[in-house]
Amino acid sequence: MSEQHNAEILSESTKKKNFIYEIIDEDLKTNKWNGNVQTRFPPEPNGYLHIGHAKSICLNYGIARDFKGKFNLRFDDTNPSKEEQEYVDSIIEDVKWLGAEFEDRLFFASDYFEQMYQFAVELIKKGKTYVCDLNADEIRATRGTLTEPGTDCADRNRSVEENLDLFKRMRSGEFKNGEKTLRAKIDMTSPNINMRDPIMYRIVHEDHQRQGNKWCIYPTYDWAHGLEDSLEKITHSICTLEFENHRPLYDWFLNELGVYHPQQIEFARLNLNYTVMSKRKLLQLVKENYVDGWDDPRMPTISGLRRRGYSSEALRDFAETVGVAKRDAQTDISLLEFSIRNDLNKRAQRAMAVLRPLKIVLTNYPEDKVEELEAINNPEDALMGKRNIPFSRELFIEQTDFMGNPPKGFHRLVPGGEVRLRYAYIIKCDEVVKNEDGEVVELRCSFDPETKSGTGTSAKKVKGTIHWVSAKQAVPVEVRLYDRLFTIENPTSDENWLNFLNPHSLEIITDALVEPSLRDAKIGEHIQFERNGYFCVDPKFSTQEKLVFNRTVTLKDSWTSKK
Ligand code: ATP
Ligand code: MG
């Protein structure tokens with residue numbers, strides 16, 4: 001996908017209203033919700049959030065913001081065996097970082113357990129649910145298939161009194177895990193399998209991270225979710241397409257109870273190529289140490305992207321750019337990179353850093369002289385000002401900016417050739433020093449004092465400009481370069497998806513050099529290493545002694561595009 005193409009999507013999408021906005025526009029016209037708009041983001045705290053969640057957060061929060069409504073953060077903490085406080089904390093941090101304001105509207109589904117229980121009792125009294133003695137296998141076996149109807153279970157005919165009694169005893173802990181369930185009495189022959197007497201409660205003798213041992217029956221997603229939405233007076237319950245077939249059930253529960261009834265609206269989930277997005281797979285990558293935690297900069301998690309140097313602005317821009325669709329599709333990861341480049345180009349301070357240094361000695365430059373040369377902090381933003389960088393007799397340039405036997409069209413340094421050092425002088429390569437293995441270890445060059453950037457009197461022009469650092473003042477740092485986590489576009493299409501992990505997804509350069517202005521670079525700052533990409537200080541591995549920089553993204557356009 002070309003940058004031009006992306007730019008077009010970008011400018012289009014900001015003008016475009018998606019189908020959910022159209023629904024809400026209409027609701028406002030008909031005053032369906034008395035002018036209210038209330039959305040929510042309902043994560044299950046069983047993992048860290050990923051960029052797909054970011055899209056859902058931006059969509060839900062964006063709607064609340066644009067329609068002057070409210071946005072809730074609600075944990076769908078209904079399954080104690082997979083949920084942890086660490087996940088709750090990370091999710092809150094990520095949602096806040098994305099800028100999705102939930103103010104005091106932080107809710108937990110588990111706080112509604114008592115109300116849900118009472119709602120279930122109400123449905124029992126209406127004869128709409130029953131306690132079932134079948135175990136999980138038996139329920140599966142009697143549910144039928146897409147082509148065959150299911151069969152009624154004998155417990156379906158239990159009296160209201162018996163159901164009330166059994167349900168109470170389920171709650172009080174009389175039965176073992178899996179011994180009984182509470183099921184909705186709908187229709188075992190329904191063409192929609194979700195409507196074939198779905199389970200509402202399971203017995204799980206496990207402590208809940210917020211409720212302790214108060215409960216041993218836990219509600220299923222289908223039963224709980226609509227109630228959570230209803231209790232919070234959500235107007236538009238936005239979820240991903242896999243819940244489309246669950247909507248009749250969502251509606252059934254709320255209709256039978258006759259309570260406040262939000263509208264469920266489905267949209268296509270975000271899929272990105274060259275990565276995985278299922279929480280189960282991300283958890284496996286973490287647990288089996290394929291990556292360095294949930295916030296590894298190669299992970300598609302919000303915390304990973306943040307550590308990698310993505311800004312929340314860029315993620316919000318990306319969410320807007322991909323838009324909201326009704327059909328599943330895969331989004332090219334280059335679109336995400338486009339958003340981050342676009343953002344960092346405007347805000348990142350420029351600096352010079354040499355990733356793989358090659359020494360240069362300017363033989364005609366005085367031994368002890370240090371010149372301060374003026375450099376522009378950001379050509380996109382004059383307000384970011386200027387800085388000085390030291391220049392001296394011994395410098396380092398990038399190894400790849402010199403070639404002994406250059407191909408045609410190589411405009412950087414070659415034996416006997418000339419090149420401009422950014423913000424400094426034109427230099428000429430007079431001599432190439434090699435070690436006994438024949439490797440180039442040093443270039444002896446001369447500089448032309450008449451060619452100083454900005455002030456030089458010489459009309460001399462050269463085709464290439466390269467970056468450099470001054471040997472004595474440069475600061476040694478570690479640099480981490482990232483590549484795609486997987487080698488194929490669609491790793492989950494193969495059950496052996498781990499075989500497609502990219503062995504070169506992380507490259508660590510321990511002896512890079514940066515200009516001295518970066519000595520005090522702070523966590524959270526975005527810096528463009530000219531010609532090398534956008535970087536940030538790694539919050540985990542950086543120490544007082546040695547800074548560690550992550551490359552956020554490579555550069556597409558740079559001032560040295562003529563190679
Ligand atoms: P699981 O249910 O397997 O734990 P999940 O990714 O659906 O995984 P949830 O915590 O249930 O996790 O998701 C919270 C919300 O984020 C849901 O409303 C869900 O629809 C939405 N969501 C999850 N993945 C994506 C995605 N890839 N794109 C857009 N929205 C997503
Ligand atoms: Mg889910």
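Numbering of ligands and ligand atoms starts at 1, following listing order.
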Ligand 1-proximal atoms of S278, by part, heavy-atom distance under 4.0 Å: neither
Could you tell me whether the side chain of N46 and the main chain of E83 form a donor-acceptor pair under 3.5 Å? no
Heavy-atom nearest option to atom 25 (C) of ligand 1, drawn from R280, R269, E266: R269
Qualifying residue for side-chain hydrogen bond (donor to acceptor under 3.5 Å, both in side chains) with E232, from R74, K70, R40: R74
A student checking ligand 1 against F41 at a 4.0 Å heavy-atom cut-off should list atoms 14 (C), 15 (C), 16 (O)
Test side-chain hydrogen bond (donor to acceptor under 3.5 Å, both in side chains) applied to Y250 and N255, D229, D222, the passing residue: D229
Looking at F500 versus F486, is the centre-to-centre ring distance below 6.0 Å? no
Numbering the atoms of ligand 1 from 1, which are under 4.0 Å from a heavy atom of T240? 19 (C), 20 (O), 29 (C), 30 (N), 31 (C)
Counting each atom of ligand 1 from 1 as listed, which ones have a heavy atom of L270 under 4.0 Å away? 26 (C), 27 (N), 28 (N), 29 (C)
Enumerate the atoms of ligand 1 whose separation from the nearest heavy atom of N46 is less than 4.0 angstrom. 4 (O)
Does K540 form a salt bridge (charged side-chain N to carboxylate O under 4.0 Å, His left out) with D292? I'd like the steps, not just the answer. CA-CA 10 Å; K540 190 159 169 184; D292 168 46; 3.2 Å; yes
For ligand 1, is any non-hydrogen atom under 4.0 Å from N271's backbone (N, CA, C, O), its side chain (CB onward), both, or neither? neither
Check whether any side-chain heavy atom of R484 sits under 4.5 Å from a side-chain heavy atom of E489, and report yes or no. no
I want to know if ligand 1 touches I238 in the polar sense, i.e. an N/O pair below 3.5 angstrom. no
Consider ligand 1: state whether an atom of it lies below 4.0 angstrom from any non-hydrogen atom of Y221. no
Salt bridge (Lys or Arg N to Asp or Glu O under 4.0 Å) partner of R306, chosen from D538, D94, D295, D296: D94
Shortest heavy-atom approach to atom 22 (N) of ligand 1 - which of R74, E83, E44, H53: H53
